[in-house]
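Take a look at the structure set out below.
All values reported here derive from a predicted model rather than from experimental measurement. Numbering of ligands and ligand atoms starts at 1, following listing order. Positions are given from 1, in the same order as the sequence printed here.
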Amino acid sequence: MCGIVGYIGDREAQNILMKSLSRLEYRGYDSAGLAIIKGKKMRLAKKKGKLSVLVADLKANPLEGSTGIGHTRWSTHGVPSDTNAHPHLDCKGKIAVAHNGIIENYLELKEKLQKEGHKFISETDTEVIPHLIEKFYSGDIAEAVRRAVKVLRGSYAIAVIHRDEPLKLVGARCDSPLIVGIGCGENFLASDVPAVLDHTKEVIYLENHELVVLTKEHITIKDFEGRRIERKPSKINWDISQAEKGGYKHFMLKEIYEQAHIINNILDERCKKGSISFHELEISDSELEKIKRIAIVACGTAYHAGLTGKYMLEEYAKVPCWVDVSSEFRYRDPLVDKETLMIVVSQSGETADTLAALREAKRHGAKVLAICNVLGSSIARESDGVIYTHAGPEIAVASTKAYTAQLAIFYLLTLYLAKLRKTAAPAKLGALLKELKRIPALMGELLEEYRPEYNLLAAYAEGFKKYYHEKHNKTFFLYLARNINYPNALEGALKLKEIAYISAEGYPAGEMKHGPIALIDENPWVVCIAVKSRTYDKMVSNIQEIKARSGIVIAIATEGDKEILHHNINYLVEIPKAEELFSPLLVAIPLQLLAYYVARAFGYDIDQPRNLAKSVTVE
Ligand code: M6R
């Protein structure tokens, strides 16, 4: 949540910072701002609204100078407004700060600073930071920042500049990500790698409680006690083109269409000569053999991937498994111990609740394995072992390719553990791996079938919009499924809620008769995942129950299933034939596309839905 950037060098900072902010807009987009120093003057531009509003403002009033910081905001404290937008200043307007995170003790600090005469103008927690730095400043901005962070409580990544020291840019982090981009005669600060990739592929990931001072030639890292730290840069091995739309109308659509390729790469990379390897995993086979239970903890879409993981891990690796949302796990007294393998799943690797859950599990002695997309992220670094999904940058707020990549890793992990623990016959595991390897091609076929030019799901979405207006907005969606596709029902509903703002619930179909069936009349559209499986007949009965009560049914069924057509369904979506175990990878695609096309039919901002941000780095 919130993106921060900084630049120091010889070039004009404004355009560099704005381009970098545009790469981070997925992190927050309710206001944005810049502060740039030229000579001994600092100028500020801050606007409520998307980055485009700030662009227009800067066109009329450009900011000159070669040292600056910028911010794109997802509000926590204080409504989106020009005043609450970052950067924030001290009393004299000499110090500017951009901040990502939450300062938990800001009220206490603010009260104290006010008593000492500091004047505040915004409603934000952030504003205490420039005032604290002002209080501690005696000619060295880095030292003043160091003293200020020592009294802050909460999570933060900050970028700081001082009008009187225009040749320095200071950053510090605690529980919010911050990277340094290493340029030639110039250096960069940012919340995430895409912000600097136009200029460099060499980055340094700052660790918690580290402070960095950048000049255009030098980078000095210290801990909060002031001790020097040497850190080798990391080389980024992906391209900025991967963080661009590549001809698609939206990032979400591009990311949906990348999925077959990504899953294929994951399987190619991890399965060589019939055996599975997780080369970066620093948890040994003997440790994995000993585990007695698995606890999977994640948020949102990653939680749904974890729920799917439970079905496969219990069935094939025969390990008892439970799944929790991170924000619940962290505040109960969980029964995890050194015999527990905790799997945390996170695309961004920065989700605050998941990070806190991970720390809680470690405190109880559990081994923590992360399934993560972003290299070097906090969750990846703090876990005992990590398996990267290598899905490339996911920019759309609605997660799609990270989800199916997480599923692919769960499949491989299941087969790996089943072999290690000898819980399934080698021939069976070999056959399953062979079938799994067929899935990317089937995903490719499915994506081709629903390619953007004539997409059946787009037509269904238009139909829904018409019906929605006819029914005076009373219609909504239900998603029903059983067994290993039940988490997909939750995921389909989540996708629709977050980008199309339509009320949607996911349910295990067997639960209908325990309450939700009361909702069925001619209003709801019910997506029934009825692919060929051991519970197919039960799903068909559920479809009949819905039809008997005038519900509108979209059935997701297996190609060639003639029987489904006899049940008076309203809309049919076919997926290729595949083993039930692997069907979630296929079913996910039409669910994602349906949400996408409904949001598009209503004309919503698909990649940046209201109130959301890509990585949720606050509680
Ligand atoms: O980065 P993470 O995977 O930890 O994020 C977890 C959720 O915030 C995320 O999946 C969210 O639910 C998505 N917007 C769903 O599309």
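- Ion pairing between a basic and an acidic side chain is recognised when a charged N comes within 4.0 Å of a carboxylate O; Glu350 and Arg27 show no such pairing.
- Between Asp605 and Arg610, no side-chain nitrogen of the basic residue sits less than 4.0 Å from a carboxylate oxygen of the acidic one, so the salt-bridge criterion is not met.
- Ranking the protein heavy atoms by distance from atom 3 (O) of ligand 1 puts Gln347 N, 2.6 Å first.
- Using a 4.0 Å cut-off between heavy atoms, Glu350 makes no contact with ligand 1 at all.
- Proximity to Lys495 (heavy-atom distance under 4.0 Å) selects the following atoms of ligand 1: 15 (C), 16 (O).
- At least one N/O-N/O distance between Val397 and ligand 1 falls below 3.5 Å.
- Taking the six-membered ring where the residue is Trp, Tyr571 and Tyr460 present tilted rings, their angle falling between 30° and 60°.
- The pair Asp192-Arg23 fails the salt-bridge criterion, with no side-chain N (NZ, NE, NH1 or NH2) lying under 4.0 Å from an Asp/Glu carboxylate O.
- A salt bridge is defined here as a Lys NZ or Arg NE, NH1 or NH2 lying under 4.0 Å from an Asp or Glu carboxylate O, and Lys50 with Glu25 fails to meet this definition.
- Scanning the protein heavy atoms around atom 1 (O) of ligand 1, the nearest turns out to be Ser348 OG, 2.7 Å.
- For Lys614, the heavy-atom gap to ligand 1 stays at 4.0 angstrom or more.
- Of the protein's non-hydrogen atoms, the one nearest atom 5 (O) of ligand 1 is Thr351 OG1, 3.5 Å.
- With respect to Glu207 and Arg381, a salt bridge is recorded, a charged nitrogen being found less than 4.0 Å from a carboxylate O.
- Among protein heavy atoms, the minimum distance from atom 10 (O) of ligand 1 is reached at Thr301 N, 3.1 Å.
- Protein heavy atom at the shortest distance from atom 7 (C) of ligand 1 is Cys299 O, 3.6 Å.
- In this pair, Tyr596 and His250 present their aromatic rings perpendicular. The plane angle is above 60°, beyond the 30 to 60° band.
- Taking only non-hydrogen atoms, the option from Thr389, Val616, Ile379 nearest to atom 8 (O) of ligand 1 is Val616.
- With ligand atoms numbered from 1 in the order given, ligand 1 contributes 3 (O), 10 (O) to contacts under 4.0 Å with heavy atoms of Ala302.
- Residue Glu282 places its CD atom among 12 or fewer non-hydrogen atoms of other residues, nucleotides or ligands, all under 6.0 Å distant.
- In the vicinity of Ala398, heavy-atom distances shorter than 4.0 Å reach the ligand 1 atoms 16 (O).
- The pair Arg359-Glu382 counts as a salt bridge, with a side-chain nitrogen and a carboxylate oxygen less than 4.0 angstrom apart.
- A salt bridge links Glu258 to Lys254: one of the charged nitrogens lies within less than 4.0 Å of a carboxylate oxygen.
- Close approach to Ser399 involves these atoms of ligand 1, each under 4.0 Å from a residue heavy atom: 15 (C), 16 (O).
- The proximity of Glu498 to ligand 1, defined as any non-hydrogen pair under 4.0 Å, is limited to the side chain.
- Of the candidates Gly349, Pro609, Ser615, Gly300, it is Gly300 that places a heavy atom closest to atom 12 (O) of ligand 1.
- Residue Gln406 places no N or O, backbone or side chain, under 3.5 Å from any N or O of ligand 1.
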